[in-house]
Protein chains: 2
Amino acid sequence: MVVIDIIIFTFEDDVLKVLLVKRKAPPFIGKWAIPGGFVRKQESLMRAAERELREETGVRAGYLEQLYTFGDPKRDPRGRVVTAAYFALIPRGKMKVRGASDAADARFFPVRKLPSLAFDHKKIFLYARTRLQNKIQYTNIAWSLLPRAFTLGEIQDLYETIWGRRLDKRNFRKKLFSLGLLKALPKMRRGLRQRPARLYAFKKKTYVELKRFFS
Amino acid sequence: MVVIDIIIFTFEDDVLKVLLVKRKAPPFIGKWAIPGGFVRKQESLMRAAERELREETGVRAGYLEQLYTFGDPKRDPRGRVVTAAYFALIPRGKMKVRGASDAADARFFPVRKLPSLAFDHKKIFLYARTRLQNKIQYTNIAWSLLPRAFTLGEIQDLYETIWGRRLDKRNFRKKLFSLGLLKALPKMRRGLRQRPARLYAFKKKTYVELKRFFS
DNA sequence: TCAAAAGTGTTGTGTGTACACCCATGT
DNA sequence: ACATGGGTGTACACACAACACTTTTGA
């Protein structure tokens with residue numbers, strides 16, 4: 001039997017979060033799990049992942065890619081269930097999380113404060129987090145985690161959070177501008193008790209692969 | 001239904017080659033295809049790939065990783081067959097290719113001279129080739145394609161073949177030595193009508209991930 | 001003696017990295 | 001006034017890229 005699971009990341013309150021659903025059907029009833037479901041006949045794996053993402057969050061895309069396929073014969077107590085895991089990136093605020101049919105509840109958890117997970121979902125989550133950490137080094141996918149307009153401080157926070165280390169502000173901005181993918185907006189973020197920050201947006205929301213992004 | 005397919009690469013006669021089997025069962029009888037087979041009960045996907053690799057080539061490992069899972073509902077005329085594709089790298093000369101149970105014949109084809117392939121195997125092959133091209137940029141997996149002892153000319157030929165462009169001999173060697181992974185052997189490759197070349201081997205056959213390997 | 005690949009250093013350029021101070025706002 | 005992040009430029013180190021000639025062998 002083939003199912004899909006989606007690890008859905010978002011970036012909110014300066015932390016990386018992942019969507020979990022509480023299982024209301026056996027096995028692992030009451031445990032938190034990565035959202036997923038069956039693949040319908042006449043539906044490709046990617047379509048199934050897109051559908052599941054829409055059902056769970058109400059959003060269309062952001063970024064979605066196949067992560068890895070887990071097929072250990074003992075990963076599901078009911079018998080062999082092969083899962084094609086996908087991972088998705090969603091900008092904050094866009095989605096309206098709702099529990100899907102087989103979930104009593106659904107919410108985002110900071111990746112540093114995850115509850116214990118059903119099945120081998122801990123392993124799947126760790127695989128996804130590693131992929132995200134690696135991939136932001138040579139692509140711009142992390143930008144799918146940002147809202148339309150953002151400050152340079154926000155994007156730097158995002159990178160620092162995912163990498164888990166501090167970056168030099170001047171070097172970060174220099175590199176960012178040198179890529180030529182940002183446009184400055186004629187607006188500032190005001191209302192905080194500090195100097196207003198310039199807002200930026202992406203020229204196009206295209207996926208770019210780079211030799212080396214930030215190291 | 002879940003099956004696995006393995007794209008097995010080797011490097012021989014200065015070209016990159018891939019193993020294909022001729023189908024002797026329907027569908028696509030008589031057509032060349034990427035070797036693969038069913039996953040047994042109580043066998044993980046990776047174990048199934050290892051078994052299949054052994055059955056097809058007689059060798060144990062070299063390098064083996066999961067590539068991508070293809071699940072288009074129309075990819076197999078018999079109905080939905082999801083295939084977890086793996087890709088493997090094998091040093092030349094080690095393997096004794098033999099046709100497996102569902103293949104009338106099996107042999108290596110240069111990647112530039114492939115016949116037409118069954119199913120969506122062309123797409124799978126292209127995906128594998130791209131992965132190989134990308135991955136040799138930041139890992140040392142290509143070294144699984146080389147025999148125990150090799151000359152610097154051979155390893156450079158390998159990189160030039162996979163990338164499809166020429167590299168500067170001095171810069172290539174400088175970078176290679178700077179990694180500190182090679183040891184010079186007290187032997188030379190003789191018998192060719194040219195100056196003998198020093199033979200080298202890897203200090204250990206470990207997988208190394210680098211920030212940037214060759215650009 | 002000739003063809004063929006082996007072997008070997010230096011220099012310029014670009015990119016990454018380290019580093020410190022003033023600015024504009026809200027409270 | 002002060003706390004908070006916003007915003008800005010220079011100097012050094014290092015890695016990559018370009019480049020040409022001599023050596024050793026087999027035929």
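Naming: A, B, ... by sequence-line order, numbering from 1 per chain. Since the model is a prediction, treat every value here as computed from it, not as a measurement.
The distance from atom CZ of A:Arg173 to atom P of D:dT10 is 17 Å, rounded to the nearest whole Å. Distance, B:Tyr138 OH to D:dA15 C1': 21 Å, rounded to whole Å. A straight line from CG of A:Asn171 to C1' of D:dC14 spans 15 Å, rounded to a whole angstrom. Following rounding to the nearest Å, B:Gln156 (CD) and C:dA6 (P) show an atom-to-atom distance of 9 Å. One can place CZ of A:Arg166 at 11 Å from C1' of D:dG5, the figure rounded to the nearest angstrom. Taking atom CZ on B:Phe172 and atom P on C:dA5, their separation rounds to 17 Å, with Å as the unit. Rounded to an integer number of Å, the gap from CD1 of B:Ile155 to P of C:dG7 is 13 Å. Look at CG on A:Asp168: it is 12 Å from C1' on D:dT8, rounded to the nearest Å.
Under the 6.0 Å cut-off for aromatic ring centres, B:Tyr68 and B:Phe87 do not qualify, their centroids lying 6.0 Å or more apart.
In terms of position along DNA chain C, the nucleotide closest to B:Glu154 lies nearer the 5' end than the nucleotide closest to the other residue of the pair B:Arg170 and B:Glu154.
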Polar pairs (N or O, both sides) under 3.5 Å between protein and nucleotides 25-27 of chain D?
{"residue": "D:dT25", "atom": "O2", "partner": "B:Gln194", "partner atom": "N", "Å": "3.4"}

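For the pair A:Lys175 and C:dG16, the criterion of a side-chain N or O lying under 4.0 Å from OP1 or OP2 is met. Listed pair B:Arg198 / C:dA6 fails the phosphate criterion, with no side-chain N or O lying under 4.0 Å from OP1 or OP2.
Screening A:Ile90, A:Leu89, A:Ile34 for a side-chain contact (heavy atoms from CB on, under 4.5 Å) involving A:Ile8 leaves a single residue, A:Ile90.
For the pair B:Arg131 (side chain) and B:Leu67 (backbone), a donor-acceptor distance under 3.5 Å is present. Of the possible donor and acceptor atoms, none in the side chain of A:Glu52 sits under 3.5 Å from a partner among the backbone N and O of A:Pro35.
Remark: the B:Lys169 side chain and the C:dA6 base include a donor-acceptor N/O pair separated by less than 3.5 Å. Under 3.5 Å, the side chain of A:Lys174 and the base of D:dT8 form no donor-acceptor pair of N or O atoms.
Closest contact between the side chain of B:Met188 and the listed nucleotides C:dG16, C:dG7, C:dG9 involves C:dG7.
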May I have the step-by-step check of side-chain contact (heavy atoms from CB on, under 4.5 Å) for B:His121 and B:Leu20, ending in yes or no?
CA-CA 10 Å; B:His121 284 185; B:Leu20 297 177; over 6 Å; no

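Nearest heavy-atom pair across A:Leu114 and A:Val111 is CG-O, 3.7 Å.
Sorted by first and then second residue, the side-chain hydrogen bond (donor to acceptor under 3.5 Å, both in side chains) pairs with a member in residues 177-198 of chain B read B:Glu154-B:Arg189; sequence neighbours excluded.
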